[in-house]
Amino acid sequence: MSEKKIKVCLVGSSGGHLDHLYLLKPFWEDKEHFWATFDKEDARSLLVGEKMYPVYYPSNRSIKALIINTHRAIKILRKERPDLIISAGAAPAVPFFFVGKMLKSKLIFIETFDRINEASLTGKMCYKMADVFIVQWEDMKKIYPKAVYLGSIF
């Protein structure tokens with residue numbers, strides 16, 4: 001993906017997870033990109049003018065949401081064909097990573113800042129699928145040995 005123009009999918013829940021992804025703006029702002037997140041006021045206000053696909057919520061530990069969001073991930077990712085999918089969680093990341101892996105997208109997962117010494121459920125599920133798994137605390141390398149420690153994105 002070096003010099004080639006890449007297309008990026010940024011997927012995650014609204015709130016803090018969305019904030020994490022938005023802080024990566026210096027990376028994604030000059031690339032073709034789109035968002036997959038909850039259609040909630042905070043997401044709509046932060047992403048004004050951005051291409052955004054709504055994902056189903058509430059999604060935490062919900063089989064119904066997993067099924068619906070897997071269907072949405074198939075539809076969205078087949079249409080958009082991103083080269084790279086980035087997520088900082090939570091639940092919507094799982095179906096997008098699963099489908100993205102099948103479509104040969106590269107996957108980057110960022111474990112959220114508040115995970116200092118314990119893995120998130122989404123992190124556990126995405127760890128083996130991710131091409132790059134990033135932690136923001138060095139101690140998290142004990143939990144995710146193959147992770148890349150980059151420090152805080154805040």
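Side chains included, hydrogens not; waters and symmetry mates left out as well; all remaining heavy atoms used. Small disclaimer: the values here were computed from a predicted structure and weren't measured.
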A.B. asks: Using only atom types and a distance under 3.5 Å, with no angle test, would you say the side chain of S14 pairs donor to acceptor with the backbone of D42?
C.D. replies: no

A.B. asks: Are W28 and F34 an aromatic pair, judged by ring center distance below 6.0 Å?
C.D. replies: no

A.B. asks: Checking side-chain contact (heavy atoms from CB on, under 4.5 Å) between I86 and each of L24, V132, L107, which is the one that passes?
C.D. replies: L24

A.B. asks: Does the side chain of D83 come within less than 4.5 Å of K106's, by heavy atoms?
C.D. replies: no

A.B. asks: Determine whether K7 and R81 make a side-chain contact, defined as any pair of heavy atoms from C-beta on separated by less than 4.5 Å.
C.D. replies: no

A.B. asks: Would the number of heavy atoms belonging to other residues, nucleotides or ligands and lying under 6.0 Å from OH of Y127 be above 12?
C.D. replies: yes

A.B. asks: Does a side-chain heavy-atom distance below 4.5 Å link L10 with Y22?
C.D. replies: no

A.B. asks: Does H20 reach the main-chain N or O of G16 with its side chain, forming a donor-acceptor pair under 3.5 Å?
C.D. replies: yes

A.B. asks: If we only count heavy atoms from C-beta on, is the D39 to M52 side-chain gap below 4.5 Å?
C.D. replies: yes

A.B. asks: Judged by atom type as modelled, is there a donor-acceptor pair below 3.5 Å linking the side chain of E111 to the main-chain atoms of Q136?
C.D. replies: no

A.B. asks: Is a side-chain donor or acceptor of K51 paired with a backbone partner of H33 at a separation under 3.5 angstrom?
C.D. replies: no

A.B. asks: Is any side-chain heavy atom of T37 closer than 4.5 Å to one of P92?
C.D. replies: no

A.B. asks: Salt bridge check, E32 against K5: does any charged N sit closer than 4.0 Å to a carboxylate O?
C.D. replies: no

A.B. asks: Does any non-hydrogen side-chain atom of C9 lie less than 4.5 Å from one of L77?
C.D. replies: yes

A.B. asks: Parallel, tilted or perpendicular for Y144 and F133, by the 30°/60° rule?
C.D. replies: tilted

A.B. asks: Among the clusters formed by ILVMFWY side chains lying less than 4.5 Å apart, do L103 and Y53 turn up in the same one?
C.D. replies: yes

